[in-house]
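Scroll down for the structure; my scribbles are underneath it.
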Amino acid sequence: MVSRFIETTHFTTTCLKTEEQFDAWRHAISSLFEVECIIPQKASGFDASIRVFKINDILLARSKIEGQRYIRTSRRIGRDQLDHFMLTLHQSGEWRSESRGNVFNGGQGQICVIDLAQPIIAEKTESNLINLVISRDQLDEHSAVLEQMHGQPFTGPGARLIAEYVTMLSVNLEKMPAHSAQDIALATCSVLTACLKPSPDNLHAARVPLRAALLRRAKRYIETQLTSSALTADRIADALGVSRRTLYRAFESAGGIHDYLQVRRLERIRKELVDADSDPKISDIAVRYGFLRKDSFSRAFRQRYGITPTEARELTYLPPVPVSPDQSEAPLFSTWLQKLGT
């Protein structure tokens, strides 16, 4: 049966016997690297997992690993002939790489660039990673930039934008319909091109995905500040390091920044009102989220939900969030990797 969602495959060591876990992990990623354990294996085993999404000719992988060493030798490169780039965003953990006689170190929040056509030795501590694998021909002449960055941390404003975009993509891929794969792949190439070699044409092509990445950053910041009376468009723009105009453009698809703030505050209030473990006054909840006038709050709430705050409190539950169907029967990662870009 054809999946309605982006293709994905998943592997984890947690369901295996302790003594089998590291060997199973080593085999799972043997299509990319030779792997060595750099710390004594714990009595509890080797905890590692990876979920890979196939976005046309791009692979995105979310992985959780324990400390290990990755190796790609000249002999291995000649044997598998993989001609791809891997950009690894380290959401946690530290890393060290050796390439062409140079040693590089990095940590949380950084992107490491690996040209799979060049030898490398890399060590990582316990980490959470997002890996983006893309074939060389998809980046055309811009691939030369990544070749020079092999084994190094990617730094600067472009790296930050790529990190935000890749994180956003990773979070949302499970809900993406299969027919959107081509558009997502094109947008991803546009973002990489714009950040690697900025130009008016490249930036224009990438404006939609980059704006989406900014929107995600803004929404994440807003969620942490919803009860702050000082949460304004100016404060959000300052926190994100962008202009008010840029922020307003990012929120055009969400109905505008001010409407978005009100909707999110109303949604938080509604959730608290139906929470059986919470029983503060409705007016106190409203004030905490910036609604200082009872009449304006009640009017806004009723316009949004069609019921009064008092009626909302009498509800016993919120509708569950839809969950994507299990897609664990997708093709293996190694098969996708070999066919990438062909």
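The first residue in the sequence is number 1, and the count goes up from there.
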- Query: In the hydrophobic clustering (ILVMFWY, side-chain contacts below 4.5 Å, transitive), which residues join I71, or is it alone?
  - Reply: I121
- Note on the structure: ring pair (Phe, Tyr, Trp, His ring centres under 6.0 Å) filter on H150, not counting sequence neighbours, yields none
- List in chain and number order the residues that pass ring pair (Phe, Tyr, Trp, His ring centres under 6.0 Å) with F297, two or more places apart in sequence or in another chain; answer none if no residue qualifies.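 F297 satisfies ring pair (Phe, Tyr, Trp, His ring centres under 6.0 Å) with F291, F301 once adjacent residues are dropped.
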- Shortest non-hydrogen contact from S228 to R235? OG-NH1, 2.9 Å
- Task: Looking only at non-hydrogen atoms, find the nearest pair between P119 and S99 and report the distance.
- Result: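 Between these two residues, the closest heavy atoms are O-OG, 3.8 Å.
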Quick check: does any side chain N or O of [X] sit under 3.5 Å from a backbone N or O of [Y], one acting as donor and the other as acceptor?
{"X": "S135", "Y": "H84", "result": "no"}
{"X": "R268", "Y": "Y289", "result": "no"}
{"X": "K17", "Y": "E19", "result": "no"}
{"X": "T8", "Y": "V52", "result": "yes"}
{"X": "S63", "Y": "I50", "result": "no"}

- Query: Same cluster or not: are V145 and V166 linked, directly or through other Ile, Leu, Val, Met, Phe, Trp or Tyr residues, by side-chain heavy atoms under 4.5 angstrom apart?
  - Reply: yes
- Is Y260 reachable from I236 through a run of I, L, V, M, F, W or Y residues, each pair having side-chain heavy atoms under 4.5 Å apart? yes
[X] vs [Y] side-chain heavy atoms within contact, under 4.5 Å:
{"X": "K54", "Y": "L59", "answer": "yes"}
{"X": "Y248", "Y": "I257", "answer": "yes"}
{"X": "Q152", "Y": "V113", "answer": "no"}
{"X": "E36", "Y": "R26", "answer": "no"}

- Message: Do S190 and T193 pair up side chain to side chain, a donor and an acceptor below 3.5 Å, judged on atom types alone?
- Response: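 Checked: S190/T193 side chains show no N/O donor-acceptor pair below 3.5 Å.
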- Assess the side chains of E164 and T167: does a donor N or O sit below 3.5 Å from an acceptor N or O?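 No - no donor-acceptor pair under 3.5 Å links their side chains.
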- Task: Mark yes when over 12 heavy atoms from residues, nucleotides or ligands other than R100 sit less than 6.0 Å from its CZ; otherwise mark no.
- Result: yes
- Counting only heavy atoms not in Q182, do more than 12 fall under 6.0 Å of its CD? no
- Row check, F11 ring normal vs R51 NZ/CZ: under 6.0 Å, within 45°: no
Using atom types as modelled, flag every donor-acceptor pair under 3.5 Å from a side chain in residues 103-112 to any protein atom, sequence neighbours excluded.
residue	atom	partner	partner atom	Å
Q110	OE1	G107	N	3.0

- Pairs touching residues 56-79 that satisfy ring pair (Phe, Tyr, Trp, His ring centres under 6.0 Å), sequence neighbours left out: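 The answer is F33-Y70.
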- Note on the structure: Across all chains, not counting sequence neighbours, the salt bridge (charged side-chain N to carboxylate O under 4.0 Å, His left out) partners of R304 are E267
